[in-house]
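Report on one structure; see the data block that follows.
Every value quoted in this text rests on a predicted model; they were computed, and no experiment measured them.
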Amino acid sequence: MRQFGELEAAIMDVLWDAAEPMRVRDVLDELNRDRDLAYTTVMTVLTNLHRKGWVDREMEDRAYRYRTITTREEATAQTLRDLLDAAGDRESVLLHFVSSASEEESDILRRALRRKARKR
């Protein structure tokens, strides 16, 4: 996702996949299946994600447990919103997007637009 650096995105994926809040050590163990990271590196990134408002933390015993504040889907939607906001010609971007959408994606968009119209 655009708003996250590579390691931030990896940490967010671990937290999104978790059934419950995780300690730094738990996140580190999960990430180190594919790489070799230091505890302090993961702790620093989690602290930064907390400061940026992407994760919440609460103290348990002497360690923080971290959990995401938004779902993966909400964060992805925010990325799409950020990209659209940065576009010079929103209409053109949306038309290009819709022309590349699969039939299933088009159906989903139609349903979402109908729901939005009913809410107004």
Salt bridge (charged side-chain N to carboxylate O under 4.0 Å, His left out) involving [X] - partner list, sequence neighbours excluded:
| X | answer |
| --- | --- |
| Arg25 | none |
| Arg23 | Asp26 |
| Glu103 | Arg110 |

Side-chain donor or acceptor of [X] paired with backbone N/O of [Y] under 3.5 Å:
| X | Y | answer |
| --- | --- | --- |
| Asp56 | Arg67 | no |
| Thr44 | Thr40 | yes |
| Glu8 | Gly5 | yes |

Task: Evaluation steps, side-chain contact (heavy atoms from CB on, under 4.5 Å), between Val55 and Met12 - done: CA-CA 8 Å; Val55 299; Met12 290 297 289; 3.8 Å; yes
Task: Co-membership, hydrophobic cluster, residues Leu80 and Val98, 4.5 Å side-chain - done: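 Cluster IDs for Leu80 and Val98 differ.
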Minimum heavy-atom distance [X]-[Y], with the two atoms named:
| X | Y | answer |
| --- | --- | --- |
| Met59 | Arg62 | SD-C, 3.7 Å |
| Ser99 | His96 | OG-O, 2.8 Å |
| Val45 | Leu7 | CG2-CD2, 3.7 Å |

Task: Separation between CG of Leu31 and CD1 of Ile11, rounded to the nearest 0.5 Å - done: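 Here the interatomic distance stands at 5.5 Å.
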- [ ] Kindly compute the distance separating OG1 (Thr68) from CG (Leu49), expressed to the nearest 0.5 Å.
- [x] 10.5 Å
Can you name the residues that form a side chain to side chain donor-acceptor pair (under 3.5 Å) with [X], not counting sequence neighbours?
| X | value |
| --- | --- |
| Asn48 | Arg51 |
| Glu104 | none |
| Ser102 | Glu105 |
| Glu60 | Arg65 |

Task: Heavy-atom check, side chain of Leu15 versus side chain of Met22, under 4.5 Å - done: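 They are in contact (side-chain heavy atoms under 4.5 Å apart), so the answer is yes.
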Task: 4.5 Å side-chain heavy-atom contact, Met43 and Leu28 - done: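 Not touching, per the 4.5 Å side-chain cut-off.
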Open item on the list: Which Ile, Leu, Val, Met, Phe, Trp or Tyr residues join Leu95 in one cluster when any pair of side-chain heavy atoms under 4.5 Å counts as a link?
Closed with: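 Answer for Leu95: none, a lone residue.
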Open item on the list: Test question: given the 4.5 Å side-chain rule for I, L, V, M, F, W and Y, name all other residues clustered with Ile69, or answer none.
Closed with: none
Open item on the list: Just to verify, what does Leu84 make a side-chain contact (heavy atoms from CB on, under 4.5 Å) with, not counting sequence neighbours?
Closed with: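 In terms of side-chain contact (heavy atoms from CB on, under 4.5 Å), with neighbours along the sequence ignored, Leu84 is linked to Arg81, Arg90, Val93, Leu94.
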Task: Pairs touching residues 32-49 that satisfy salt bridge (charged side-chain N to carboxylate O under 4.0 Å, His left out), sequence neighbours left out - done: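 Output for this query lists Glu30-Arg33.
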Open item on the list: Listing request: all ring pair (Phe, Tyr, Trp, His ring centres under 6.0 Å) pairs with a residue in residues 34-75, at least two apart in sequence or in separate chains.
Closed with: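 Residue pairs with at least one partner in residues 34-75: Phe4-Trp54.
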